[in-house]
Amino acid sequence: VDQGRRVTTTHTPTISAKGINPKVNGYQENVRIEYQVFNSAGTRIKTGYSGYSLYGASWVVPSLADGTYTWKATVQNASGLWAGVYTATQTIVVDTVAPHAPTVKSSQFPPTALGGAYTDKGTFVMGNDHTNNVTGYLFSLDGDLSNVVYASTKGTQWTATTTLAAKTIYYAKADNAGGTGTAVVNGSAGVVFAPITSGAHTLYVKAVDQAGSTSPQTPYRFVAGITT
């Protein structure tokens with residue numbers, strides 16, 4: 001049984017446990033697994049069974065709405081005898097909704113206006129509307145992210161020592177700080193970099209939620225000067 005909290009993007013997740021019946025006189029009975037699913041209030045809302053086999057099998061939970069659930073399992077042999085014990089309780093989060101486009105702001109390089117010099121470092125704060133369990137941000141300077149999704153492109157992890165390269169995809173954690181710490185659900189990330197060259201630039205940003213779903217992109221346009 002997988003231990004701990006799992007996040008899924010499907011309304012019909014597959015949960016899995018294994019059981020076994022001890023051999024008696026060299027014979028080992030097949031078993032089936034009973035699964036019980038509970039809502040966040042602790043009320044059992046689903047019960048399901050695998051078919052009989054040597055170890056039982058997984059079960060596809062029918063029609064769970066977005067939310068947090070727990071589940072546990074027990075085992076029954078082909079003679080009808082139950083194990084009398086359950087697995088440890090597991091947590092599963094159903095999150096099928098992608099986050100909304102993020103916000104971006106910078107006091108050093110304000111939108112559609114002349115900001116600091118291209119050699120000056122500015123802080124670009126990426127945020128969200130606190131509705132979709134955002135845990136990080138994909139971003140790229142002058143590199144369009146229209147066709148980029150986190151499931152296939154994780155980006156280069158942003159660190160405190162990263163030197164930004166144009167048209168490179170980075171990932172910053174929503175840590176309510178510099179994007180390099182422990183992610184906080186629906187947190188912001190304030191990445192610091194110099195725009196590399198003078199002139200017009202666009203910082204493309206997408207939010208990523210706890211399930212790895214990716215938002216539409218936000219293009220943040222600004223102008224870097226030649227001197228401060």
Side-chain angles (χ1 to χ4, degrees), residues 2 4-16 37-41 45-46 58 60-71 90-106 111 123-159 162 164 166-191 193 201-222:
D2 283 341
R5 179 177 183 270
R6 296 291 183 269
V7 182
T8 179
T9 57
T10 176
H11 290 298
T12 55
T14 299
I15 55 180
S16 181
V37 179
F38 303 81
N39 63 19
S40 57
I45 57 171
K46 306 282 185 184
S58 58
V60 178
V61 185
S63 189
L64 289 178
D66 278 27
T68 300
Y69 303 87
T70 57
W71 65 274
Q90 312 298 306
T91 299
I92 185 169
V93 179
V94 178
D95 185 349
T96 64
V97 180
H100 300 144
T103 58
V104 185
K105 60 182 179 180
S106 174
T123 300
F124 295 81
V125 180
M126 300 170 285
N128 63 88
D129 61 4
H130 297 255
T131 62
N132 290 104
N133 302 305
V134 169
T135 54
Y137 302 89
L138 291 170
F139 67 97
S140 179
L141 181 66
D142 299 326
D144 194 293
L145 300 179
S146 295
N147 297 317
V148 173
V149 293
Y150 183 76
S152 58
T153 304
K154 300 295 190 288
T156 299
Q157 181 64 56
W158 186 258
T159 71
T162 299
L164 182 105
K167 298 184 178 180
T168 299
I169 300 172
Y170 297 94
Y171 179 79
K173 298 176 184 177
D175 62 352
N176 286 328
T180 63
T182 301
V184 177
V185 173
N186 288 329
S188 61
V191 296
F193 61 84
H201 293 282
T202 302
L203 180 66
Y204 295 93
V205 182
K206 286 188 170 184
V208 180
D209 72 9
Q210 61 182 348
S213 298
T214 312
S215 76
Q217 73 175 351
T218 294
Y220 181 82
R221 297 178 175 87
F222 65 95

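What you are looking at is a predicted structure, and each value in this text was computed from that prediction instead of being measured.
Residues forming a ring-ring contact (aromatic ring centres under 6.0 Å, His included) with Y137 (at least two apart in sequence, or on another chain): none. D95 meets the side-chain hydrogen bond (donor to acceptor under 3.5 Å, both in side chains) test with Q210; sequence neighbours excluded. Residues passing the ring-ring contact (aromatic ring centres under 6.0 Å, His included) test with Y69, sequence neighbours excluded: none. Partners of Y171 according to the ring-ring contact (aromatic ring centres under 6.0 Å, His included) rule, which considers only residues two or more places apart in sequence or in another chain, are Y150. Remark: T12 engages T10 in a side-chain hydrogen bond (donor to acceptor under 3.5 Å, both in side chains) (not counting sequence neighbours).
Considering only heavy atoms from C-beta on, T91 comes within 4.5 Å of T68 through its side chain. Residues F139 and W158 are in side-chain contact: their nearest non-hydrogen atoms beyond the backbone lie under 4.5 Å apart. Taking 4.5 Å as the limit, every side-chain heavy atom of L138 sits out of range of all side-chain heavy atoms of T153. With contacts defined as side-chain heavy-atom distances shorter than 4.5 Å, the pair F222/P111 does not qualify. Q217 has its side chain within reach of D144: a pair of non-hydrogen atoms, C-beta onward, lies under 4.5 Å apart. Between F193 and L203, the closest side-chain pair of non-hydrogen atoms falls below 4.5 Å. With contacts defined as side-chain heavy-atom distances shorter than 4.5 Å, the pair T162/T180 does not qualify. No side-chain heavy atom of H100 sits under 4.5 Å from any side-chain heavy atom of N128.
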Residue pair N133, V93: steps toward the side chain to side chain contact (heavy atoms under 4.5 Å, CB included) verdict: CA-CA 11 Å; N133 302 305; V93 179; 5.9 Å; no
Just do the side chain to side chain contact (heavy atoms under 4.5 Å, CB included) check on T214 and V148 with the steps written out, would you? CA-CA 8 Å; T214 312; V148 173; over 6 Å; no
Assess whether side chain to side chain contact (heavy atoms under 4.5 Å, CB included) is satisfied between S215 and K206, documenting all intermediate values. CA-CA 5 Å; S215 76; K206 286 188 170 184; 3.9 Å; yes
Using the side chain to side chain contact (heavy atoms under 4.5 Å, CB included) rule, take D209 and V7 through it: C-alpha gap first, then chi angles, then the decisive distance, then the call. CA-CA 10 Å; D209 72 9; V7 182; over 6 Å; no
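Looking only at atom types and distance, the side chain of N186 has no donor-acceptor partner in the side chain of H130 under 3.5 Å away.
The distance from atom OG1 of T202 to atom CG of L145, rounded to the nearest 0.5 Å, is 11.0 Å. A distance of 9.0 Å separates OG in S140 from OH in Y204, rounded to the nearest 0.5 Å. Note that CG of D66 and OG1 of T9 are 10.0 Å apart. Values are rounded to the nearest 0.5 Å. R221 CZ to D142 CG: the interatomic distance, rounded to the nearest 0.5 Å, is 10.5 Å.
Checking side-chain atoms of N176 against main-chain N and O of G187 turns up no donor-acceptor pair under 3.5 Å.
Heavy-atom minimum distance, A183 versus T135: CB-O, 3.5 Å. Listed here is the closest heavy atom pair of P216 and P99: CD-O, 3.6 Å. Contact between A189 and D175 at its shortest, heavy atoms only, is CA-OD1, 4.4 Å. Nearest approach of V134 to A174, heavy atoms of both residues: O-CB, 4.2 Å. Summarising the geometry of K173 relative to G181, their closest heavy-atom pair is CD-O, 2.7 Å, with the distance given to 0.1 Å.
For K105, the NZ atom sits in a loose shell: 12 or fewer heavy atoms of surrounding residues, nucleotides or ligands are nearer than 6.0 Å.
Every pair tested for ring pair (Phe, Tyr, Trp, His ring centres under 6.0 Å) that includes a residue from residues 172-191 fails, sequence neighbours excluded, so the list is empty.
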